[in-house]
2 protein chains.
Amino acid sequence: MKITTRGRYSLRLMIDLAQHYQEGYIALKDISSRQDISKKYLEQIVPFLIRSNLLNANKGHMGGYQLTKPPSQITVREILESAEGSLMPVSCMENTPNLCEKCGDCITLPIYQGLYEVIINYFDGITLEDIINRQVSGYDYSI
Amino acid sequence: MKITTRGRYSLRLMIDLAQHYQEGYIALKDISSRQDISKKYLEQIVPFLIRSNLLNANKGHMGGYQLTKPPSQITVREILESAEGSLMPVSCMENTPNLCEKCGDCITLPIYQGLYEVIINYFDGITLEDIINRQVSGYDYSI
DNA sequence: TGAAAACCTATCATTTTAGTAGTATAATAG
DNA sequence: CTATTATACTACTAAAATGATAGGTTTTCA
């Protein structure tokens, strides 16, 4: 039940880009130094966020990355789902329909489905804008 | 963000014991065949549950395992926390106080703390009795 | 045309996960 | 008192995931 480094780094990368939204394309080099994350590792993370249409990329001189939408329209759910593949707590839930032949009788599956709902509901409620604003307001999530 | 096999098997083992509560000590052999989980693997899981005081063990002939408390007093949180070590979504939260020197300024930590609250709150609300009763009632968790 | 940036692919060490196997120890029935 | 049944303990292993590093290619723009 741990969020992987890929998920955590993706979130920090996206927050960094949100903090520099409106400044045009931001180079990975800058994010890397600000966030103290290996640029090479960030390079591997970025394609996931691009595939999910959360980032635009620009090659060449003065290139870099930019959010595709304003920070108020990007949720933590989108970011983590894109980086982690899915937020489902058990892998049998990842196939629709569920391929496990026992899934109809499974006594534990509904527990995991309920957990998934709770997690998704929580992450859906937090946008990049919320995160940046909280720095000032000190508002606490989930209370 | 996946629950490990150890956690999932622990839950099934505990549910099985709850279903046979009041029948005295239940041998791992029986749980193994009912749940179709390797007995040898269950043997390795059981010590975690014993350490957390969720199970009593009895050696020798007619021995086996038994819940230490009635199913209504054992929550999914206790079981999974015992099997998984902790349910905290990032490992820096596992030390009290947090040893990360940046934790005071960390912009993402409150998000993970909120997630933890949400998860704990959900699992605290489900007992083994609830799970068994749901088989009959069809009640859905978390709605 | 050259510098700066993203893009792509391969490799690797470490850790975790999931499981097998064998032996030791304890308790009870007969 | 001994055979049986069960837990307890320890070691080992294969496979996968994780977290990274490294090097070369392509694109863009000044």
Side-chain angles (χ1 to χ4, degrees), chain A residues 1-13 16-17 20 23-51 54-68 80 83-86 88-92 94, chain B residues 1-13 17 20 23-51 54-68 80 83-86 89-92 94:
Chain A
M1 282 296 284
K2 290 274 183 290
I3 295 177
T4 65
T5 307
R6 205 159 72 200
R8 289 183 284 112
Y9 285 3
S10 294
L11 187 52
R12 285 168 61 193
L13 179 144
D16 191 285
L17 282 171
H20 297 85
E23 292 179 27
Y25 286 89
I26 307 291
L28 224 44
K29 183 185 53 158
D30 299 332
I31 302 176
S32 163
S33 74
R34 273 195 297 260
Q35 297 295 325
D36 197 30
I37 303 173
S38 146
K39 185 190 147 209
K40 280 296 190 182
Y41 196 38
L42 285 178
E43 274 184 14
Q44 283 176 74
I45 288 176
V46 142
F48 293 94
L49 300 164
I50 291 179
R51 252 170 263 153
L54 298 176
L55 287 188
N56 284 324
N58 221 313
K59 280 186 165 189
H61 191 60
M62 295 299 280
Y65 300 95
Q66 199 178 35
L67 303 183
T68 56
L80 291 182
E84 305 261 324
S86 103
M88 299 188 178
V90 292
S91 46
C92 72
E94 266 152 13
Chain B
M1 280 295 284
K2 292 273 183 290
I3 295 177
T4 65
T5 308
R6 204 160 72 199
R8 289 182 284 114
Y9 285 4
S10 293
L11 186 54
R12 286 169 61 192
L13 179 144
L17 282 171
H20 298 86
E23 290 178 30
Y25 286 88
I26 308 291
L28 224 44
K29 181 185 52 157
D30 299 332
I31 302 176
S32 162
S33 73
R34 275 195 296 261
Q35 298 295 324
D36 196 31
I37 302 174
S38 146
K39 186 189 146 209
K40 281 293 189 183
Y41 195 38
L42 285 178
E43 273 183 16
Q44 283 176 71
I45 287 176
V46 141
F48 293 94
L49 299 164
I50 292 178
R51 251 170 263 154
L54 298 175
L55 287 188
N56 284 324
N58 222 313
K59 280 187 168 190
H61 192 61
M62 297 298 281
Y65 300 94
Q66 201 178 34
L67 303 182
T68 55
L80 291 182
E84 305 260 327
S86 105
V90 290
S91 47
C92 72
E94 266 152 14

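Treat the numbers as computed from the prediction; the structure is a model and nothing was measured. Protein chains get the first letters and strands the later ones, always in sequence-line order, with residue 1 at the start of each. Excluded from the calculations below are hydrogen atoms, water molecules and symmetry mates; all remaining heavy atoms, backbone and side chain alike, are included.
The residue B:Y25 sits apart from the nucleic acid: no heavy atom pair falls under 4.0 Å. In this structure, B:K39 reaches the bases: a heavy-atom distance under 4.0 Å links it to at least one base atom across the strands shown. Within the nucleic acid shown, A:I50 comes within 4.0 Å of sugar-phosphate atoms alone, with no base atom in reach, counting heavy atoms only.
A close approach under 4.0 Å does occur between a side-chain nitrogen or oxygen of A:Y9 and OP1 or OP2 of D:dA20. In terms of phosphate contacts, A:Y41 brings no side-chain nitrogen or oxygen within less than 4.0 Å of OP1 or OP2 of D:dA22. Checking the phosphate oxygens (OP1, OP2) of D:dG19, no side-chain nitrogen or oxygen of A:S38 falls inside 4.0 Å. In this model, the phosphate group of C:dT17 is not approached by any side-chain N or O of B:T4 to a distance below 4.0 Å at OP1 or OP2.
Straight-line distance from the CG atom of A:L28 to the C1' atom of D:dA20: 15 Å, rounded to whole Å. With rounding to whole Å, A:R51 atom CZ is found 15 Å from C:dA6 atom C1'. In this structure, B:N56 places its CG atom 14 Å from P of D:dT7, rounding to the nearest Å. In this structure, the CZ atom of B:R6 is 10 Å from the C1' atom of C:dA18, given to the nearest Å. Between A:R8 atom CZ and D:dG19 atom P there is a gap of 7 Å when expressed in whole angstrom units. In this entry the distance linking CG of A:D36 with P of D:dG19 reads 16 Å, nearest Å. As rounded to whole Å, 15 Å separates atom C1' of D:dA6 from atom CG of B:L55. Regarding B:L42, its CG atom lies at a distance of 15 Å from the P atom of D:dA6, rounded to whole Å.
Comparing B:A27 and B:Q44 along DNA chain D, the residue whose closest nucleotide (by nearest heavy atom) sits nearer the 5' end is B:A27.
Under the 3.5 Å distance criterion, the side-chain polar atoms of A:R34 are left unmatched by any main-chain donor or acceptor of A:D16. Side-chain N or O atoms of A:E84 include none that pairs as donor or acceptor with a backbone N or O of A:I3 at under 3.5 Å. Not one N or O on the side chain of B:R6 forms a donor-acceptor pair closer than 3.5 Å with the backbone of B:I45. Checking side-chain atoms of B:K2 against main-chain N and O of A:S91 turns up no donor-acceptor pair under 3.5 Å. Counting only distance, with no hydrogens or angles, the side chain of B:S32 and the backbone of B:S38 share no donor-acceptor pair below 3.5 Å.
With rounding to the nearest 0.5 Å, the separation of CD1 in A:I31 from CD1 in A:I26 is 7.0 Å.
Nearest to the side-chain atoms of A:K29 among the listed nucleotides D:dA8, C:dA5, C:dA6 stands C:dA5.
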- Per-nucleotide protein contact string for nucleotides 24-30 of chain D (B base, S sugar-phosphate only, - none; heavy atom under 4.0 Å): B--BBSS
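Ring centers of B:Y65 and B:Y25: at least 6.0 Å apart, outside the cut-off.
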